[in-house]
Structure formats: C-alpha cells, structure tokens
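Here the structure is a predicted model, which means the values were calculated and not measured. Values below: all heavy atoms of this structure, side chains included; hydrogens, waters and symmetry mates excluded.
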Amino acid sequence: MATSVKNNSLPPSLISNLNQVLLSRQQHTIDHQSTNSSSLPSHSRNVDEPDCSKPLLLITNCEGIDSPGLIFLVQALLSDARFTLHVCAPQSDKSVAGHSLTIRETVAVCSVEMSGATAFEVSGTPVDCVSLALSGALFSWSKPVLAISGINRGSSCGRNMFYSGAVAAAREALICGVPSLCLSFDWKKDVSGESDLKNAADLCLPLISAAVRDIERGKFPESCLLNIEIPSSPLANKGFKLTRQSLWRSPLSWKAVSANRHPAAGQYLSNQQSLGIKLAQLSRDASAAGAARRLNSHRKNVEIESVGIAGKFNGQQTVKKYFRLELLEKETEKADDNLDFKAVEDGYVAVTPLSLSSTDQSKIETEVSSWISAALGREQRS
C-alpha cells in the first residue's frame, strides 16, 4: 500500500522550528568541545613538540647540565628569542670521556627545570646525550637545525680534541647528519670567573645566528664541525680567526696515591646537596671492590703504596698500586700563528673546522674561511 507523502508531511512552521533547535544544539556542542579542549591540563598535550616558527637547537656539553657555561649559553640564546631550545646534557662532569658510548648499562634520564627550554639530564656520556636526543626515543622531533656543545671550560685545542667529551658530542651530531659547533672557553685558574663565561656566550651569538641562517639557506659548510675556542678575555678578543688543529696537548701527570681512594670521605657529610650522589659513588666502588675480592678470593693480594718497583712474589700473590692522573695547564710556546692554541693565546676566537675525513680538510678550510668572512660580515651589518 502506497504511503501518501501529503499525509506524512509536517507543517512548514514546525519544520522551521525544529531546524532552528537542531542548529542551536550543534553550535552549543561545538562551543562546549572548544572550551573543554582549551582547558585541558598541559600534561595532556605533547610538550615535546617544538615551536615550528623558530629554528630548533640542541644544546649539550661535557661538564654536566648544572655547569655555568651551559646555563649562560641557554640564557643568551633564550634572550635572543630567535630559537627553540632542547637541552640534553650529562648528569655529572664527563669532560674527558672522549667518544665513548654506554652499551652494557642502563642509562637514566631525568627531566630538569630550565625556564624557556625543554631539558633532560642523562647518566651517560656526552655522546650518549646526543645519540639519544637524535634517536627520536626521547624527543618527538627528528632533527634540530644545529647542535651546540658548550660552553665548556678548558681547552679542546690540538690533540686534546681526541680526549674531549665536548668535541665528541659535536662530532656525534655531525655523524648523525646534524651540523654542529663545539664552544670551549680558555679558562685560567685563579683568574677566570663566571662573568667571563657569560661574556663568552654573548660573543658566540652572532656566529650561532649566522650558522643557523646559512644552514637553512644551504650555504653552511658541510661535512665538518666547527671547534670554537674562546680566549680568556672574551670582551678584549681580536676577532674570529680560522685556524688549523695543532699537535699540542695538555701535559699528563700520573702520581702514585695511597690505597685509600677516598681520602676526603669525612668531608662527604659537609655537603648535604651532593650527599646522595657521593654515597652512590661509594656504593658503586664498594660493589666493584666486593666483586673483585670474590673473583680473586683464591689469590693472596698484596697492596703496595710505594712508587718503587715491586719485587717478585711466590705463588698467586698480586701486587696492587694506586695512581691518579692530572691534566696540567699548557705552557706558552712559539708556534705558527694560524694554529688553534696559538691564536687563542694571542686573543683571537679560534675557529677550527674538524672533518670526519682527513682527505677533505684542505677543501673544508677554504669553504669555512669564505663562510666566516661572508656570514659574520652580514651579521654585523644587520
């Protein structure tokens, strides 16, 4: 039986009223959802997503996340207001860690309050920090525009770069395909102060800005990192100078010490802030010593504290000595003015390009020389 359309139709006035009610309800639902989404707590959003309107920089170092050099650098970059910053740095000082990775131990990561930047401290090495940050496992982004290691106290000139955890962090970024800078300050014992580190950070801003701008334009020298050494008097610097890596290194001094590897154990209680860390270190040392005792329980250990040559012992006796390594300050010597450490001693900001391949060094030095002249010239005019 056919249904009459006419008999099932509603009055036009009623249809109009229903449409108005439906439209008002839909608008109310949209407004309610919008209000709820804007009032969501901050932890429900992805806080790791960077501000896409600003270039993203990854900041690390070798001296630890609480070091003054890193803090002053972050403050200078934030005050410049041109960048988004992510910080991933060692939990403690790893200055001479070289290019070491942690592969048989779990690395702990903890968020750190650093106003204006997303920051994490890592229990591993500087290379661990960079590798983890760029892996995508810690941050939601894939790659920053530029990675910066610093500002680190002490020289990374010459052959010191092979020991330097600071240079290694920048090198790891380059290996991962991210352009990088390593910033080191020529710290003078009993002379330099934290204000010098702040001045060093301000001094590096034009170079960092020029690097970011030219990376985005595809004009930054590729296949190298820039190892930048800042003189001990940043405000009195003579300008930026392209330099070559020298053969100089810090003199190493090994000294025999007593069997007590923690002579200042009684002083631990005097500093409550670092008590937990120091007790943890004692615990690790005790555990290692206990494991060694169990491993060598069949031997008769003989500890020798003198520096003389130990005589021969019968059976399974083991001679044990303790030594401590100290890095001495470099001595001024005559050298080519274009070498890194000599330029720093003369008051210049030394810029040394370091390549992953020694065969490209000459070409890279030419490219970096041209870039420094052009980039810093434009930065000073702007």
Test log, rule side-chain contact (heavy atoms from CB on, under 4.5 Å), inputs L205 and L77: CA-CA 7 Å; L205 280 182; L77 290 169; 3.6 Å; yes
Verdict with reasoning, R171 to S180, per side-chain contact (heavy atoms from CB on, under 4.5 Å): CA-CA 7 Å; R171 188 191 300 115; S180 60; over 6 Å; no
Worked verdict on I230 versus C204 for side-chain contact (heavy atoms from CB on, under 4.5 Å): CA-CA 9 Å; I230 305 161; C204 291; 3.4 Å; yes
Stepwise side-chain contact (heavy atoms from CB on, under 4.5 Å) check, S369 with L242: CA-CA 6 Å; S369 177; L242 180 71; 3.3 Å; yes
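Note that the CG atom of D66 and the OG atom of S92 stand 10.0 Å from one another [nearest 0.5 Å]. The OG atom of S115 sits 7.5 Å away from atom CG of L78, with the distance rounded to the nearest 0.5 Å. In this structure, OG on S164 lies 11.5 Å from CZ on F162, to the nearest 0.5 angstrom. Remark: L354 CG to R244 CZ distance equals 13.0 Å, nearest 0.5 Å. Separation of atoms CD1 (I148) and CG (L207) is listed at 9.0 Å; rounding is to 0.5 Å. Rounding to the nearest 0.5 Å places OG of S155 at 7.0 Å from CG of D340.
Between the side chains of T125 and D128, a donor-acceptor pair is found at a separation under 3.5 Å. Using modelled atom types, one finds a donor on one side chain and an acceptor on the other under 3.5 Å when comparing T352 with T243.
Using a 4.5 Å heavy-atom cutoff, the side chains of P144 and L57 are not in contact. Residues P90 and V122 have side chains not in contact (no heavy-atom distance under 4.5 Å, counting atoms from C-beta outward). The shortest distance between side-chain heavy atoms of H86 and L56 falls below 4.5 Å. For the pair I228 and F185, the minimum side-chain heavy-atom distance is 4.5 Å or more. The closest side-chain heavy-atom distance from L339 to D336 is below 4.5 Å. With a 4.5 Å cut-off on side-chain heavy atoms, C182 and N227 count as touching. Contact of the P231 side chain with the D186 side chain is not registered, since no non-hydrogen atoms from C-beta on lie closer than 4.5 Å. Between E367 and K363 the shortest side-chain heavy-atom distance falls below 4.5 Å.
A donor-acceptor contact shorter than 3.5 Å is absent between the side chain of T102 and the backbone of E105. No donor-acceptor pair under 3.5 Å is formed between the side chain of K188 and the backbone N or O of S232. S67 places a side-chain N or O within donor-acceptor distance of the main-chain N or O of G64, the cut-off being under 3.5 Å. Under a 3.5 Å cut-off, the side chain of K143 and the backbone N or O of C176 do form a donor-acceptor pair. Remark: side-chain polar atoms of S140 are not paired, donor with acceptor, to backbone N or O of G136 under 3.5 angstrom. Using a distance-only test at 3.5 Å, with no hydrogens or angles considered, no donor-acceptor pair links the side chain of E326 to the main chain of K255. With hydrogens and angles disregarded, a donor-acceptor distance shorter than 3.5 Å links the side chain of N152 to the backbone of L183. In this structure, the side chain of S149 does not engage the main chain of A170 through any donor-acceptor pair within 3.5 Å. Judged by distance alone, with hydrogens and angles left aside, the side-chain atoms of T60 form a donor-acceptor pair with the main-chain N or O of C88 at under 3.5 Å. No donor-acceptor pair under 3.5 Å is formed between the side chain of N237 and the backbone N or O of Y348.
Residues that satisfy the side chain to side chain contact (heavy atoms under 4.5 Å, CB included) test with C110, not counting sequence neighbours, are E121.
Residues L203 and F240 come closest through the heavy atom pair O-CZ, 3.9 Å. Taking all atoms of both residues into account, the shortest heavy-atom contact from D202 to A76 is OD1-CB, 3.9 Å. Summarising the geometry of A200 relative to I151, their closest heavy-atom pair is C-CD1, 3.9 Å, with the distance given to 0.1 Å. The shortest heavy-atom contact between A89 and N61 is CB-OD1, 3.5 Å. Taking all atoms of both residues into account, the shortest heavy-atom contact from W187 to R153 is CE3-CD, 3.4 Å. Here the closest heavy-atom approach between residue E365 and residue P353 is recorded as CG-CG, 3.9 Å.
L197 is connected to V87 through a chain of hydrophobic side-chain contacts under 4.5 Å among Ile, Leu, Val, Met, Phe, Trp and Tyr, so both are in one cluster. Placement of I175 and L138 in two distinct hydrophobic clusters is found when ILVMFWY residues are connected by side-chain heavy-atom separations under 4.5 Å, directly or transitively. Cluster membership for F220 and L225, using ILVMFWY side-chain heavy atoms within less than 4.5 angstrom, is not shared. By the rule that hydrophobic residues join a cluster once side-chain heavy atoms approach within less than 4.5 Å of another member, W254 and V96 end up as members of one cluster. Side-chain heavy atoms closer than 4.5 Å link hydrophobic residues (I, L, V, M, F, W, Y) into clusters, and following such links, possibly through other members, connects F139 to V130.
Taking the ring centre of F83 as origin, the terminal cationic atom of K54 falls outside the region bounded by 6.0 Å and 45° from the ring axis.
Remark: of the listed residues L58, I208, V178, I208 is the sole one forming a side-chain contact (heavy atoms from CB on, under 4.5 Å) with L146. With K241 as the partner, the side-chain contact (heavy atoms from CB on, under 4.5 Å) test is satisfied by one option alone out of I372, N338, V349: N338. Screening K94, E63, E172 for a side-chain contact (heavy atoms from CB on, under 4.5 Å) with P126, the sole residue that qualifies is K94.
Within 6.0 Å of CD in E222 there are 12 or fewer heavy atoms belonging to other residues, nucleotides or ligands.
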